[in-house]
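Down below is the structure, laid out as structure tokens.
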Amino acid sequence: MKKYFIQKAPFVVPTTDGKLIEEHHGLATTNNSAISIAHMIAPPGWSEPFQTPEFDEYTYIIKGKKQFIIEDETIVLEAGQSIKIEKNTRIQYSNPFDEACEYLAICTPAFSMDAVNRED
């Protein structure tokens, strides 16, 4: 039995906002509830509702910029920068800029719609 797994077919999460989400490891692909790793591309003008996730989320920016509103503070990350946002923190993610933002998101425990707690 091999002690490794190479992900060659990530799960592409269906979206309606133009965002590409490719989950490489996590609940949707490998049934791993401990961690999720996703490659994402947020198009210019993209945003999500505020949320208060029940997981820690790490984001690493590969290309472009991404805006974070964390509680009442606005932060912009650029390529080569990363951030850890602790669970149970109210946050909004967006890309109000003119170019796409490519990034990796790692959640512990794994991302799930039940645990993200998005606001209406």
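Since we're looking at a predicted model, the values are computed, not measured.
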Can you tell me which residue pairs pass the side-chain hydrogen bond (donor to acceptor under 3.5 Å, both in side chains) test with a partner in residues 75-88, sequence neighbours excluded?
-> none

If you look only at pairs with a residue in residues 7-18, which of them pass as a side-chain hydrogen bond (donor to acceptor under 3.5 Å, both in side chains), with sequence neighbours excluded?
-> D17-W46

If you measure from CG on L77 to NZ on K65, what distance do you get to the nearest 0.5 Å?
-> 11.5 Å

SG-CE distance between C101 and M40, expressed to the nearest 0.5 angstrom | 10.5 Å

Are [X] and [Y] linked, directly or through other ILVMFWY residues, by side chains that come within less than 4.5 angstrom of each other?
{"X": "I75", "Y": "I69", "result": "no"}
{"X": "I83", "Y": "L104", "result": "no"}
{"X": "F11", "Y": "V116", "result": "no"}

4.5 Å side-chain heavy-atom contact, L27 and S36 = no

Test item: E102 and I41 side chains (from C-beta on) under 4.5 Å apart, heavy atoms = yes

Spell out, as yes or no, whether a donor-acceptor pair under 3.5 Å connects the side chain of E22 to the backbone of P10.
-> no

Considering residues at least two apart in sequence or located in another chain, which fulfil the side-chain contact (heavy atoms from CB on, under 4.5 Å) criterion with [X]?
{"X": "S47", "value": "Q92, S94"}
{"X": "E71", "value": "T89, R90"}
{"X": "I35", "value": "N32, I37, I106, T108"}

C107/E57 under side-chain contact (heavy atoms from CB on, under 4.5 Å): CA gap, chis, key distance, verdict = CA-CA 4 Å; C107 301; E57 185 160 356; 3.8 Å; yes

Ring pair (Phe, Tyr, Trp, His ring centres under 6.0 Å) contacts in which one or both residues fall within residues 90-120, not counting sequence neighbours = F55-F111, F68-Y93

What heavy-atom pair brings I61 and K66 nearest, and what distance separates the two atoms?
-> CD1-CB, 3.8 Å

Chi angles and distances behind the side-chain contact (heavy atoms from CB on, under 4.5 Å) call for I62, H39 = CA-CA 10 Å; I62 297 168; H39 171 249; 4.3 Å; yes

Pair N117-Q51, side-chain contact (heavy atoms from CB on, under 4.5 Å): steps then yes or no = CA-CA 5 Å; N117 300 314; Q51 56 196 30; 5.6 Å; no

H24 and T29: side-chain contact (heavy atoms from CB on, under 4.5 Å), yes or no, with the steps?
-> CA-CA 7 Å; H24 282 258; T29 49; 6.0 Å; no

